2 protein chains.
Amino acid sequence: MDNINQPETTPGSPDSTEQRIFDAAHELFVLKGLDGAKMQEIADKAGINKALLHYYYRSKEKLYEMVAKAVISRALPIIQNLLESDDPLEEKISRFIDFYIDMVSRNPFVPLFVINELNKHPDRFFEAILPKELPRPHNFFRQVEEEIAKGNLRPVKPQHLLVNVVSLCVFPFVAKPMIRIVLGLDQQEIKAFLAQRKEEVKAFVFQAIKT
Amino acid sequence: MDNINQPETTPGSPDSTEQRIFDAAHELFVLKGLDGAKMQEIADKAGINKALLHYYYRSKEKLYEMVAKAVISRALPIIQNLLESDDPLEEKISRFIDFYIDMVSRNPFVPLFVINELNKHPDRFFEAILPKELPRPHNFFRQVEEEIAKGNLRPVKPQHLLVNVVSLCVFPFVAKPMIRIVLGLDQQEIKAFLAQRKEEVKAFVFQAIKT
DNA sequence: AGGCGGTTTAACTTTTTGGTTAAAAAAATT
DNA sequence: AATTTTTTTAACCAAAAAGTTAAACCGCCT
């Protein structure tokens with residue numbers, strides 16, 4: 001095992017069995033959750049025997065835990081950086097929206113996974129999965145308040161602004177099938193619709209907060 | 001059985017065994033999903049023997065299907081009414097936000113249930129659960145376009161406006177535990193925070209769409 | 001070549017879980 | 001009161017799923 005300079009959550013060399021198992025588990029757990037994904041299924045997808053799962057990862061729980069950790073610890077630092085950079089506020093919000101929508105449209109099941117995990121097993125989540133270092137939106141909040149003081153921004157509670165932006169970015173991708181039904185869109189149309197979200201969200205947010 | 005004037009999805013008299021089973025199943029399925037909820041668990045919560053579940057509802061699938069139908073058919077007509085009423089647009093949006101946030105804060109797990117169901121078992125959902133009549137936001141869209149034509153509204157795509165409003169209403173409740181962590185709020189504070197959402201969303205949306 | 005550690009497999013065991021059955025208890029009907 | 005019907009239970013069954021084991025395999029070292 002030569003994973004000396006890799007985080008424990010991304011095990012083994014790039015195409016090792018260990019890694020293949022992890023990737024298969026990652027895909028299936030994110031897609032179906034802990035109960036929905038079956039060990040046999042994971043083994044099949046990884047192209048190996050079921051016993052190997054237990055050889056490399058002691059139990060289903062353990063494997064799940066590592067996957068969950070990897071998912072979380074991949075997303076958090078980027079968010080942290082975006083929020084705490086020293087870019088001017090408007091640019092920061094714009095970048096944040098771009099990044100978030102890019103991420104969510106590439107991995108539409110990840111936010112759902114995190115939300116489910118957090119709602120349904122909060123105990124495990126806090127104890128085993130969340131890292132000590134959490135995004136601190138402190139700098140972002142300060143910036144918002146400064147701009148308000150300068151009169152460049154309508155007085156909005158910075159916490160609500162952050163929640164609003166994230167809501168507008170994430171929810172439409174999570175609720176994609178529902179939107180398809182209600183708006184009566186086909187595969188192509190919903191894709192086009194979601195592709196417009198970056199510009200739409202930016203326009204909506206900037207209009208909402210400008211003085 | 002005297003459920004002559006009740007929908008088939010709400011069976012039996014108010015405190016019958018049948019109803020108690022249904023209520024228990026409702027709670028657990030909404031909370032944990034099809035795979036997560038176990039028949040024994042449902043029986044325990046209903047205070048009866050496991051065999052009774054199969055006596056009243058043939059199988060887990062059937063029971064789940066009825067619960068899902070009940071959840072859906074409770075919410076859809078109200079949304080339909082809100083969207084298609086002839087209230088003036090601003091009032092309609094305001095009512096919509098009030099209702100949606102009320103509903104979601106009373107049943108925070110319902111939207112998550114619907115979203116999961118729709119993402120993970122779309123086939124079953126379309127065939128067995130969704131009613132024929134779906135909310136048609138047609139009237140709402142027309143109103144938006146009229147107001148834009150009259151110059152009362154910034155030109156926004158009505159579909160995006162609808163999605164934005166729903167996102168702002170639903171997402172914060174679904175993502176409540178995540179918000180708690182990131183904003184560092186305790187039980188009381190997050191409750192207060194979410195209670196502000198109605199006014200916050202209205203202010204945000206109206207500012208975003210006004211000319 | 002022969003042994004050694006890590007890797008992989010097939011076959012097995014145990015636990016969980018959905019579902020069944022036959023009979024007892026309770027309620028309704030006569 | 002007797003009987004029929006509905007409700008409820010305990011015990012059981014079969015399938016699925018997690019987890020285990022012992023033996024085979026494979027690359028490497030000397």
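Bear in mind the structure is a predicted one, so any value in this text is a computation, not a measurement. Residue numbers start from 1 in every chain, and the chains themselves are labelled A, B, ... in the order their sequence lines are given, proteins ahead of strands.
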Please tabulate, one pair per line, all N/O donor-acceptor pairs under 3.5 Å involving side-chain atoms of residues 166-173 of chain B, not counting sequence neighbours.
residue	atom	partner	partner atom	Å
B/S167	OG	B/V163	O	2.7

**Complete:** Residues at least two apart in sequence or cross-chain that pass side chain to side chain contact (heavy atoms under 4.5 Å, CB included) with A/L31, listed by chain then number, are A/F109

**Request:** Applying side chain to side chain contact (heavy atoms under 4.5 Å, CB included), name anything that partners B/F99, two or more places apart in sequence or on another chain.
**Result:** B/I78, B/I79, B/L82, B/M103

Review item, nucleotides 22-27 of chain D N/O atoms under 3.5 Å of protein N/O:
none

Just the rounded figure in Å: distance from [atom2] of [N] to [atom1] of [X].
X: B/D44; N: D/dT9; atom1: CG; atom2: P; value: 12 Å
X: A/L53; N: C/dT7; atom1: CG; atom2: P; value: 15 Å
X: A/I21; N: C/dT8; atom1: CD1; atom2: C1'; value: 10 Å

**Item:** Pair A/K157 + B/E200, salt bridge at N-O below 4.0 Å
**Value:** no

**Prompt:** Thinking salt bridges, do B/R124 and B/E117 make one under a 4.0 Å N-O criterion?
**Reply:** yes

**Request:** Any side-chain hydrogen bond (donor to acceptor under 3.5 Å, both in side chains) involving residues 76-85 of chain A? Give me the pairs, sequence neighbours left out, ordered by first then second residue.
**Result:** A/S85-A/D87

**Message:** Please check this pair: side chain of A/K60 against backbone of A/A37, looking for a donor-acceptor N/O pair closer than 3.5 Å.
**Reply:** yes

**Asked** How are the rings of B/H160 and A/F193 set relative to one another: parallel (under 30°), tilted (30 to 60°) or perpendicular (over 60°)?
**Response** parallel

**Message:** Across nucleotides 9-28 of chain C, 5' to 3', mark each nucleotide with B, S or - according to how protein heavy atoms within less than 4.0 Å reach it.
**Reply:** BB------SBBBB-------

